[in-house]
Amino acid sequence: MAAASAPIAMKEALTLPTVGINQQFITFTHVTMESDKYICVRETSPQNSVVIIDMGMPNQPLRRPITADSALMNPNSRILALKAQIPGTTQDHLQIFNIELKTKIKSHQMPEQVVFWKWITPKMLGLVTQSSVYHWSIEGDSEPVKMFDRTANLANNQIINYRCDPSEKWLVLIGIAPGAPERPQLVKGNMQLFSVDQQRSQALEAHAASFASIKVAGNDKDSILICFASKTTNAGQVTSKLHVIELGAQPGKPGFSKKQADLFFPPDFADDFPVAMQISHKYGLIYVITKLGLLFVYDLETATAVYRNRISPDPIFLTAEASSIGGFYAINRRGQVLLATVNEATIVPFVSGQLNNLELAVNLAKRGNLPGAENLVVQRFQELFSQTKYKEAAELAAESPQGILRTPETVAKFQSVPVQAGQTPPLLQYFGTLLTKGKLNAFESLELSRLVVNQNKKNLLENWLAEDKLECSEELGDLVKTVDNDLALKIYIKARATPKVVAAFAERREFDKILIYSKQVGYTPDYLFLLQTILRSDPQGAVNFALMMSQMEGGCPVDYNTITDLFLQRNLIREATAFLLDVLKPNLPEHAFLQTKVLEINLVTYPNVADAILANGMFSHYDRPRIGQLCEKAGLYIRALQVNPSNAPLVVGQLLDDECPEDFIRGLILSVRSLLPVEPLVDECEKRNRLRLLTQFLEHLVSEGSQDVHVHNALGKIIIDSNNNPEHFLTTNPYYDSRVVGKYCEKRDPTLAVVAYRRGQCDDELINVTNKNSLFKLQARYVVERMDSDLWEKVLLPDNEYRRQLIDQVVSTALPESKSPEQVSAAVKAFMTADLPHELIELLEKIVLQNSAFSGNFNLQNLLILTAIKADASRVMDYINRLDNFDGPAVGEVAVEAQLYEEAFAIFKKFNLNVQAVNVLLDNIQNIDRAVEFAFRVEEEAVWSQVAKAQLREGLVSDAIESFIRADDTTHFLEVIQAAENADVYHDLVKYLLMVRQKTKEPKVDSELIYAYAKIDRLSEIEEFILMPNVANLQNVGDRLYDEALYEAAKIIFAFISNWAKLAVTLVKLKQFQGAVDAARKANSSKTWKEVCFACVDAEEFRLAQICGLNIIVQVDDLEEVSDYYQNRGCFNELISLMESGLGLERAHMGIFTELGVLYARYRPEKLMEHIKLFSTRLNIPKLIRACDEQQHWKELTYLYIQYDEFDNAATTIMNHSPDAWDHMQFKDVAVKVANVELYYKAVHFYLQEHPDLINDMLNVLALRVDHTRVVDIMRKAGHLHLVKPYMVAVQSNNVSAVNEALNEIYVEEEDYERLRESIDLHDNFDQIGLAQKIEKHELLEMRRVAAYIYKKAGRWKQSA
C-alpha cells in the first residue's frame, strides 16, 4: 500500500547518532523516554554523562557529566530522576533534581536494589524491586510507599513496563522471560494486575498492556479498561491474542463487554512478540508494537483489526505516547526515533473501502471528528429519518464528524415533522440530544431560544447560558432583549457584539462602564454621538462623561472645542465652563484658544466668573489683547491694564516726545515694572538719547534677579556713557550681549570695544576694530590667547594686508609674554598651516634653542623637529643630536612616514626603542645584515624575534630558527613548523620545537616534534618521547606518518596508543604479516581483519590469511567479499580450506555452509553431494540451487529441489537431465508431490521414451492423480497400449470408458475371451454395441458368444439370436 494512502503515517523525527549519541548506548538499559517531551540517554564513555534531548529542539541536546545506573526525565517538566547503586552494597541511592532551577528536590536510599522504575504520573515514580513494587511521590518529604508484592509468575523475569490507570486504583506490571524448552526463542510474557481497593493481584500471560477508558451508553461514568497482548505456546500451538476487559464494573450500570482479537504474525515473524502497547485516547485506537517492528492497530471499542504493517527494519525496544496528536514514538536499535500518527485524511476511507467496515468507519469519524465518512453519515441519517427514528437520527446528527449534519437544513428537517399529540416534538428531541452532547452552534442556539422565548421559559435560557450550552450571537441577544434586557446584555458581551453592548450601557446610564468595556475589547465607539445622546436628557451626566473621556489613555477621543460647542449650542454656559476649567488645569500652551474661549463666553455672560478666573491666575496662554478689550467693555479696567502691557513702550515714547516730566514717566514705568517689554522700551529711550531715564528701572530689574540680555545691554550702555568704571562691568557682567555693547563702544573708546569683544569671543568684530585702529599688539595677544585654528587661519591669510604687522607683534610681544606652552604650540601649528615654514623655524629656534623659558619644552621640541621634517629635512639630524626632550616614538614614526629612515633609526636608537629601530632596518632600509649586527649589539629577545620573523619571510629558515631560539620566542611556532617542513630542515626544527615545548603545552608542537624525529629517522627519540608526559595528538601523528609511508615510526605510535587496527595495516605495509595478524586479533574489527587477510593473500601467506579469514567469514555481510577476493586471484583451494575450517566455528552461520557448497560446485564437484546431504538444514538452498544450475550438477540440483520442497523443478530437472539425475525410486517420490499436473503426463512420455520397462510402476504411483483417459490416449497414440496393460488392469475398477475399451481391445487381440467377458461383466462403461459389432464375426466361437452376450445385455435380441 502506498504510504500516502495508509491509515497510519510514519516519519523519522530524529536519529540519535546525528545528535552525538554513540551506537553502543542505544539500548533499553541506556535510553529512556517517559513522554513525548524528552529522551534521556545515559553514556559511560568517554566519560559518564547524561544526555537530555528536548523533542521541541532535538538538535540542541543538553549533556551533563553525571554518573548513574539509570536516568529518567519527568513526563512534563525539566525534572531528572537518577538511580545509582551504592558501592559495595545491593542498595540504590535515588535522587530527583530540578535541572532548570539547579536544585535537588529530594533523595532516598532504598534498602534493596531497584530493578526497574518509571514515572507513572508527573508527580509519582514507580519503583520495582526483586520482590515488591513501591510508589514514591516527589512532593513533600515522604519516603517510598510499598504497594504490593510481586507474584510468582514474575520471578526471574526482566521487568519491561509498569503502569497505573488515571485514578491510580489499578496497577499493572509486565515482565518477560525465556521461552519454553521446545521453543526458547519465543519469549514468554507475564503480567501482574493489582487492585488497590481490593488489595488483590491476578497473574496473567501478556507481553504488553495499557489502561484506557471508554464511555458506555447509559452510564454517566467512564469505564476503566485493561488492554493486553499475549503470544503463548501450548502443545506446540502458538496463540496470539489481544484482550480488552473492563475493570471494576459498576453495579447496576451498563458495562463494557469483554473483547478479544487475533494478532496475526506472518511466517517470517514466527518468533516475534509484542514489546509495547499505546492507547490513542484521541481516536480510540490501540497500538501494539512488536520487537521486530510490526505495528498492529485495533479499534478500542470493538477490538476490530484496523491495520498491520512493519514500521521498522530494526528491533524496537522503547515507545512513548504522543498524546497531543493521538500517536506514539518508537525507538529502534539503529537509533531512529519514529513518530506514528493517524493519517486523518485516509483512515476513514481506508476502513470503509479496504476493510468494508462501514459502521467502524462512521464511529471513527464521529469519535475523532475525521473526514471521509460524510456520505455514509448523511445516508444513515436519511435512513433513520425515513424510518421515523428521530431520536437515533438526532443522536447521529449531534455526533456527526466535523458537524456535517449540524446545519440549518437539519433543523428545518426536524421542524417539518408533524408533532403527534402527547409526544415530544422531534425538533426538541434534536435540541435535547445536542444539549446532552455539548454546546450548540450559533444557528442552533438561536432556533432553540426562539422556541423557549415563545413558550415563555426564560429560566431555561438562563440555565443553558450559565452552563455554556449556547453559542452567543448578536441575533440571539436581539431575540432575548424582547424579554430580558439584562440577559441580552450578557449575551451581547459574550458574542462581542460591541455596538450593542455600548448601546445597552448607554440606556442604563452606566457611562463609566462604556469606557472600561471599550478599552477591554479594543473598540472605538462613536463618542460624539453618545455625548449628544446623554446631553439631551442629562446635562450634568454629559459633563461627567466628557470628563471621563478627557482622562482616557491616549487622550480624549473628541476634541475639547467640539465638546464645548455641543454645550454652547444648548446654551449650557455653566456646564461648558465647568468642563473647560477642569480640562484646562495643566495650563498648556496648546490650550491658548480654549483659555481665551472660556474667558470670552464668561466676560460676555458672567463677568464675575471671568474676574474670578483671572484673579485665580490659572491661565497664562490666552489672547491678552482680546481679553483686555473684553475686560474693558465689561468694566474690569484693572484687569484690562494687567492684561495688555505691550503698548507701554509706545506710551513712554509719546510721553517723552510730549516732554512729560521724567518723574511721572519713571513712576509709570515702575508701576508696571516686570510686565513691560524691555527691548522696545529701551529702543524708544535710546532713539531719544534718554537711556539714563531707565537707570532706576533697570537696576530694580537686576536686583530682582533679571537675566534679560536687553536689561543688561541697556545698563552697560548707561555705565559706558557715564564712564562709571566700565572695564569692571564689561569684564564681570555675564549677561550683556558682547556684540551689541562692543559696537556701542567702538566710536566712544575702541579699547573698551576690544574688552567687550574679547569677553564674548567676537573674533571678526575684534579683528576689524583692532585693524581699523592699528591696535596690533592687542590683536596679537588676543589671537595667541584664543588658540583658535580658524582665527589663526583668518589672520594669516596672504590677502590680509595687516598680516606682517600681526606676525611682528606675535614674535616680538605676544609669544615672549606668554607662559603657556599650549598657546605657543597653537601659534606654531597655525604658522605651519599657513605654510610659513621659514618664519616658523626661525621662531622655534629662537624659543627652543636660545635658552628661553621653553628651551626644554616637550611640545616645542616636537614641533621644531616635525617642522624641520616637513620644511627642511637637512636640519633634522642636527636637531635630533641637540635635543633630548621630545616624543621619540611619535617623531620617529613621522620620520619613517617622511622616508627619513636613517633619522628615524637614530631617534629610535637614541631613545633605546630597539624594536622600532630594528624594524626600520628590516622593513624600511631592508638590510637584514645590519639588523643581525644590531641584534647582537643590544641582545634583546624582542629584537631577535623581529629579526627571526624577517628571516622567516625571506626564506632563511635555519637562520630564523636560530634567531627564534635566541629570542626565546614560541609565538610563531605554526609558521616556523610550516616553513621548516617546506625547506626540509627537520634537524633545526627539532631544536626549535624542544625549546617551544619548554614554554607551552601545545598538541601541535608535540605532534610536529614526533613527526620531525621520524623525518630524520630518530626512532629511539620517538620511543623515549612518547613515554614521557606529552600532549601530542598521537592518533593524528600516527595517521600522518602512515599516509607519508613512514611506517616504522607509525608502528611505534600505533603500538603505544593501542590502535591495533592501524598497527595491523602498518605492519602489513612493512611485510610483517605475523605481527599484523596479532594486531588484527586485538583490534577485532571486520575492516582490519579484511585488510590483513587480503594482504596475506596477495603475499601468499595463506596460513595467516586463513587465521584472518576465519574471523571475517563469521560476519554474514563480509563473507562474499572474502570469497570474491580469493577467487579473483585464483586461490580456490585455499578458499575452500578456509571455508572448511569455518564450518567448525562456534559462530558458523548459514552463509559459510552455503558458500562452501557454491565453491564445491565450481571447483570440487566430487565433494558437493556429500556436503549437501550433511548440511542440508544449514544451507541457503536457493543460492546453492543457482550455483548447481550454473555448473550443471543435475543430481545435486535435483536433491536440493527436493530438500526445498520444489518438487516441480526437481521432476523437470530429472527428466531434462536424466543421464545424471534420474533415479527411479527418487523420481517416484518426487512425482507424487508435484503441483503442476502436466508434469504427470510429461513423466509418462519420459518413461515411455527412456524407461518403458518401468512405466507401469510409475503409473501405479500416479494412479490416484492422473486422468486415466488421457494416459490411455497418450499410449494409444504412441502405439504402446499393450505396454501399460498392467496399469490399466489396476485402475479398471474406476470404470473409466477409455480404460475399459482399451483393455477390451487388447483382450480381443489376444483372443482372451475369459478376461473379456469378465471385463464386460464388471465394467460396463464402454461402447457395448461397437464391441459387439467388432467381434460378432470373429473366428473364435467364444468371441462370437461374447458378442451375443453383449447384444443380450443391451436388449438387442434379434442380433443376439
Side-chain angles (χ1 to χ4, degrees), residues 502 505-506 508-519 523-646 675:
V502 171
F505 280 136
R508 300 155 69 97
R509 299 184 181 278
E510 296 175 341
F511 308 117
D512 54 336
K513 292 184 179 179
I514 292 177
L515 302 181
I516 295 171
Y517 174 76
S518 298
K519 181 179 178 181
Y523 174 70
T524 304
D526 188 343
Y527 289 103
L528 185 59
F529 174 76
L530 287 173
L531 183 61
Q532 290 172 331
T533 303
I534 300 166
L535 199 56
R536 295 189 192 102
S537 58
D538 186 3
Q540 186 55 46
V543 173
N544 295 336
F545 184 67
L547 291 175
M548 281 190 286
M549 287 195 298
S550 71
Q551 296 168 10
M552 287 175 60
E553 185 177 346
C556 185
V558 181
D559 178 68
Y560 289 161
N561 189 50
T562 303
I563 295 174
T564 304
D565 289 343
L566 282 178
F567 287 111
L568 294 179
Q569 287 168 6
R570 289 167 176 76
N571 202 29
L572 299 173
I573 306 297
R574 296 183 185 277
E575 286 77 5
T577 301
F579 168 71
L580 288 173
L581 289 178
D582 194 288
V583 299
L584 299 179
K585 283 178 181 178
N587 191 22
L588 301 175
E590 56 265 30
H591 292 159
F593 174 76
L594 293 174
Q595 290 180 1
T596 303
K597 188 166 190 172
V598 71
L599 289 171
E600 279 181 341
I601 60 177
N602 281 284
L603 282 168
V604 173
T605 56
Y606 302 108
N608 58 327
V609 175
D611 185 45
I613 295 171
L614 289 169
N616 194 36
M618 62 183 296
F619 297 153
S620 59
H621 303 291
Y622 53 88
D623 185 345
R624 292 180 183 273
R626 171 67 176 156
I627 297 304
Q629 294 172 1
L630 292 175
C631 285
E632 187 175 350
K633 289 181 180 180
L636 302 176
Y637 301 112
I638 296 175
R639 299 296 180 201
L641 187 60
Q642 291 174 338
V643 295
N644 196 17
S646 58
L675 295 177

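Sequence positions, counted from 1, serve as the residue numbers for this chain.
- Under the rule for a side chain to side chain donor-acceptor pair (under 3.5 Å), T596 has no partner lying at least two apart in sequence or in another chain.
- Screening residues 560-571 for salt bridge (charged side-chain N to carboxylate O under 4.0 Å, His left out), with sequence neighbours left out, gives D565-K597.
- Under the side-chain contact (heavy atoms from CB on, under 4.5 Å) criterion, T562 pairs with L528, V558, D559, sequence neighbours left out.
- Between L568 and I601 the shortest side-chain heavy-atom distance falls below 4.5 Å.
- Residue pairs satisfying the salt bridge (charged side-chain N to carboxylate O under 4.0 Å, His left out) criterion with at least one member in residues 598-609, sequence neighbours excluded, are listed as follows: E600-R626.
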Pair up each side-chain donor or acceptor in residues 581-595 with any protein partner under 3.5 Å, not counting sequence neighbours, and list the distances.
unit_1: N587; atom_1: OD1; unit_2: Q595; atom_2: NE2; d: 2.8
unit_1: N587; atom_1: OD1; unit_2: S620; atom_2: N; d: 3.1
unit_1: N587; atom_1: OD1; unit_2: S620; atom_2: OG; d: 3.4
unit_1: N587; atom_1: ND2; unit_2: S620; atom_2: OG; d: 2.9
unit_1: Q595; atom_1: OE1; unit_2: H621; atom_2: N; d: 2.9
unit_1: Q595; atom_1: OE1; unit_2: Y622; atom_2: N; d: 3.2

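- Contacts classified as ring-ring contact (aromatic ring centres under 6.0 Å, His included) and involving residues 567-588 (residues at least two apart or in different chains) are given here: Y560-F579.
- Between I573 atom CD1 and N602 atom CG the span is 7.5 Å, to the nearest 0.5 Å.
- Residue L572 holds its CG atom at 10.5 Å from OG1 of T577, rounded to the nearest 0.5 Å.
- Under a 3.5 Å cut-off, the side chain of N616 and the backbone N or O of A612 do not form any donor-acceptor pair.
- Interatomic distance, CG of N608 versus CG of L603, reported as 10.0 Å (0.5 Å rounding).
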